[in-house]
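Read through the structure below, which is laid out as structure tokens, and then see the notes.
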Amino acid sequence: SSGINAGYGEFQTFQHYFIQINLSHPNMAEVSPIKILRMACNKQTEWDKDEFLDSVYWIRQIIAILFGVVWGIIKFKGIFGILIYVLLNLGLIFFYYSSYHEVDEEEYGGHGELAKEGLLTSFSLFLVRALIST
């Protein structure tokens, strides 16, 4: 029984963290993350600027969770693990907007804007997830 309750407590902490992420993102009142992720999976989606930046944000959060778990399991540590994560994160997002959706990055603020959208939030989520997974 105590093992089940301990797992539930970790879930509540994780759920609370996601609620904070949802509330901290400036456009969350406008579009749900689920709708944005559905749109992101469709190559034919017509984007407005805020929706596309939201899709980059939420994809980054998913990348952070997945990579955090993997890094925790395989014990990637130190600056090497962090650099690999950041490079893969930036590379996947670059592929997402330049090859998958083939958008003109200048319409969304250029490569710099797309590169930084949600990066720090996903980095902190990655670190937390990697620490929990070890």
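Throughout, numbering of the chain's residues begins at 1 and tracks the sequence.
- Residue L83 is not grouped with residue L125 when hydrophobic side chains (ILVMFWY) are merged at heavy-atom distances under 4.5 angstrom, including chains of intermediate members.
- Shown here for Y97 and H111, the closest heavy-atom pair between the two residues is OH-ND1, 2.5 Å.
- W47 and S55 make their closest contact through CH2-CB, 3.7 Å (heavy atoms, listed as atom of the first residue, atom of the second, distance).
- One finds the CD1 atom of I82 at 11.5 Å from the CD1 atom of I84 (value rounded to the nearest 0.5 Å).
- To the nearest 0.5 Å, the span separating NZ on K49 from CG on D54 amounts to 12.0 Å.
- W71 places no side-chain N or O within donor-acceptor distance of the main-chain N or O of K77, the cut-off being under 3.5 Å.
- Below 30°, between 30° and 60°, or above 60°: for Y100 and Y96 the angle between ring planes is below 30°, a parallel geometry.
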Note to self: Working note: Y108 + E117, criterion side-chain contact (heavy atoms from CB on, under 4.5 Å); need CA distance, chi angles, decisive distance, verdict.
What the structure shows: CA-CA 11 Å; Y108 302 98; E117 181 67 27; over 6 Å; no

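- Across all their heavy atoms, R129 and V69 have their closest contact at NE-CG2, 3.4 Å.
- For A64 against S122, the heavy-atom pair with the smallest separation is CB-O, 3.1 Å.
- For the pair T45 (side chain) and M39 (backbone), a donor-acceptor distance under 3.5 Å is present.
- Residues L92 and I59 fail the side-chain proximity criterion, which asks for heavy atoms closer than 4.5 Å.
- Between L37 and I62 there is a side-chain heavy-atom pair separated by less than 4.5 Å.
- Once rounded to the nearest 0.5 Å, the distance linking CZ of F95 with NE2 of H101 reads 10.0 Å.
- Q61 contributes a side-chain N or O that, together with a main-chain N or O of Y57, makes up a donor-acceptor pair within less than 3.5 Å.
- In this structure, L88 is not a member of the same hydrophobic cluster as L120, with clusters built from ILVMFWY side-chain heavy atoms closer than 4.5 Å.
- Atom-to-atom distance recorded for S124:OG and L119:CG is 10.0 Å, nearest 0.5 angstrom.
- Annotation: side chain of I93 is in contact with side chain of R60 (closest heavy-atom distance under 4.5 Å).
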Notebook entry, point to check: Can you list the steps and then say if Y85 with I63 is a side-chain contact (heavy atoms from CB on, under 4.5 Å)?
Noted result: CA-CA 9 Å; Y85 166 74; I63 290 170; 4.2 Å; yes

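- Annotation: F126 is not in aromatic contact with F67 [ring centroid separation under 6.0 Å not met].
- For the atom pair E51 CD and K35 NZ, the distance stands at 5.5 Å (nearest 0.5 Å).
- Residues L127 and F123 have side chains in contact (heavy-atom distance under 4.5 Å, counting atoms from C-beta outward).
- Taking the side chain as every heavy atom from C-beta outward, V128 and I132 approach each other to under 4.5 Å.
- Heavy atoms from other residues, nucleotides or ligands lying under 6.0 Å from CD of E46 number 12 at most.
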